[in-house]
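Report on one structure; see the data block that follows.
Along the sequence shown, residues carry numbers from 1. Just so it is clear, the model here is predicted, and its values are computed rather than measured. Order of appearance sets the numbers: ligands from 1, and atoms from 1 within every ligand.
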Amino acid sequence: MIPIRNTTQRYGQIAIFLHWSIVLLFAALIPLGLIMTAMEDSPEKWELYSLHKSLGMLVFVLIIIRIIWRWVNPTPLLPETLNRYERWLAHGVHLGLYAVMIIMPISGLLDSYGGGYKTNFFGLFDVFPRVAIARSKELELFALAIHIYGAYLFYLLFFLHIAGVIKHHFILKDNTLRRMLPISLKEKS
Ligand code: HEM
Ligand code: HEM
């Protein structure tokens with residue numbers, strides 16, 4: 001039985017749910033962002049923009065919950081096999097991924113405000129409708145640059161993250177991947 005909360009040995013159900021739901025949202029948001037920006041102006045293109053913005057705001061909500069949850073829970077200890085440099089790398093990549101998960105929704109939102117566009121959450125309500133950010137080309141371009149470079153930073157961190165997971169699961173054969181999955185841990189040999 002997987003505990004609800006994290007322990008020092010594994011991630012709990014809530015952290016697992018938050019990790020994988022955000023992974024799914026990133027897997028949709030990145031291609032969506034790239035496809036919609038490459039499309040000719042059309043009603044379909046603006047539909048995809050709306051969907052991208054709604055899904056991106058959902059990441060924003062989930063990441064806030066995730067950070068609070070991480071704060072009030074034990075963080076599973078890194079495997080003892082890691083040396084000082086590898087610990088630093090693992091923490092650095094996780095911290096970088098958290099930064100990307102925060103920077104992307106905020107820069108996207110500011111890009112839209114700067115362009116004078118509203119952000120609606122799945123047709124339910126406008127996000128911060130009273131935020132009086134006047135239309136500003138400078139803000140739009142600055143936020144867009146952060147959004148685009150943020151995506152590049154994500155590609156790099158994602159590559160390192162997956163390289164780490166592969167190394168642990170297939171070479172070191174430890175519990176690193178298992179403890180982020182809803183399955184029980186392997187006994188230490
Ligand atoms: C984790 C969340 C997000 C990710 C990973 C993400 C990713 C991306 C990517 C990869 C692009 C294509 C960039 C390019 O190469 O041109 C893009 C474009 C865009 N995103 Fe996001 N995005 C996120 C959240 C948001 C949010 C919350 C908003 C707005 C509320 C937003 C608004 C936009 C807009 C307006 C564009 C098009 C910019 C343009 O016109 O060139 N994004 N996004
Ligand atoms: C298929 C893709 C992915 C796999 C297989 C994967 C796997 C894992 C695993 C096994 C861990 C646990 C590491 C440990 O025990 O220390 C982990 C942690 C983590 N992952 Fe991923 N991950 C993926 C995608 C992502 C993505 C897209 C993000 C961010 C957008 C992300 C962000 C994180 C963060 C921040 C942690 C640190 C633990 C936490 O605070 O939740 N991962 N991941």
Any side-chain heavy-atom pair of His91 and Leu78 under 4.5 Å: yes

Main-chain N/O of Val72 paired with Arg5 side-chain donor or acceptor, under 3.5 Å: yes

Which segment of Leu18 sits under 4.0 Å of ligand 2 when only heavy atoms are counted: neither

Test item, Arg66 contacting ligand 2 (heavy atom, 4.0 angstrom): yes

Tyr117 with Met57, same ILVMFWY side-chain cluster at under 4.5 Å: no

Ligand 2-proximal atoms of Trp20, by part, heavy-atom distance under 4.0 Å: side chain

Side-chain cluster (under 4.5 Å, hydrophobic types only) that Val165 belongs to, other residues: Ile2, Tyr11, Ile16, Trp20, Val23, Leu177, Met180, Leu181, Ile183

Residue list, ring pair (Phe, Tyr, Trp, His ring centres under 6.0 Å) with Phe154, at least two apart or on another chain: Phe26, Phe158

Within-shell test, Ile162 vs ligand 2, heavy atom, strictly < 4.0 Å: yes

When you pair each N or O of ligand 1 with protein N or O atoms, which pairs come out under 3.5 Å?
| from | atom 1 | to | atom 2 | distance (Å) |
| --- | --- | --- | --- | --- |
| ligand 1 | 20 (N) | His52 | NE2 | 2.9 |
| ligand 1 | 20 (N) | His147 | NE2 | 2.8 |
| ligand 1 | 22 (N) | His52 | NE2 | 2.8 |
| ligand 1 | 22 (N) | His147 | NE2 | 2.8 |
| ligand 1 | 40 (O) | Tyr49 | OH | 3.0 |
| ligand 1 | 42 (N) | His52 | NE2 | 2.9 |
| ligand 1 | 42 (N) | His147 | NE2 | 3.0 |
| ligand 1 | 43 (N) | His52 | NE2 | 2.8 |
| ligand 1 | 43 (N) | His147 | NE2 | 2.7 |

Neighbour count above 12 (heavy atom, 6.0 Å) for Lys118 NZ: no

Test item: Asn175 side-chain N/O and Leu185 main-chain N/O as donor-acceptor pair under 3.5 Å: no

Sidechain N-carboxylate O distance under 4.0 Å for Glu80, Arg87: no

Contact atoms of ligand 2, heavy-atom distance to Tyr11 under 4.0 Å: 12 (C), 14 (C), 15 (O), 16 (O), 38 (C)

Close-contact set for ligand 2 against Arg70 heavy atoms, below 4.0 Å: 39 (C), 40 (O)

Heavy atoms of other groups near Phe142 CZ, more than 12 under 6.0 Å: no

Under 3.5 Å side-chain donor-acceptor pair for His147 and Asp111: no

Subset of ligand 2 atoms that lie under 4.0 Å from at least one heavy atom of Tyr98: 35 (C), 39 (C), 40 (O), 41 (O)

Protein N, O or S atoms lying under 2.8 Å from atom 21 (Fe) of ligand 2, listed by chain and number: His19 NE2, His161 NE2

OG-CZ distance between Ser184 and Arg179, expressed to the nearest 0.5 angstrom: 15.0 Å

Phe122 atom CZ: more than 12 heavy-atom contacts under 6.0 Å: yes

Nearest atoms (heavy-atom pairs only) where Arg66 meets Leu18: CA-CD1, 3.7 Å

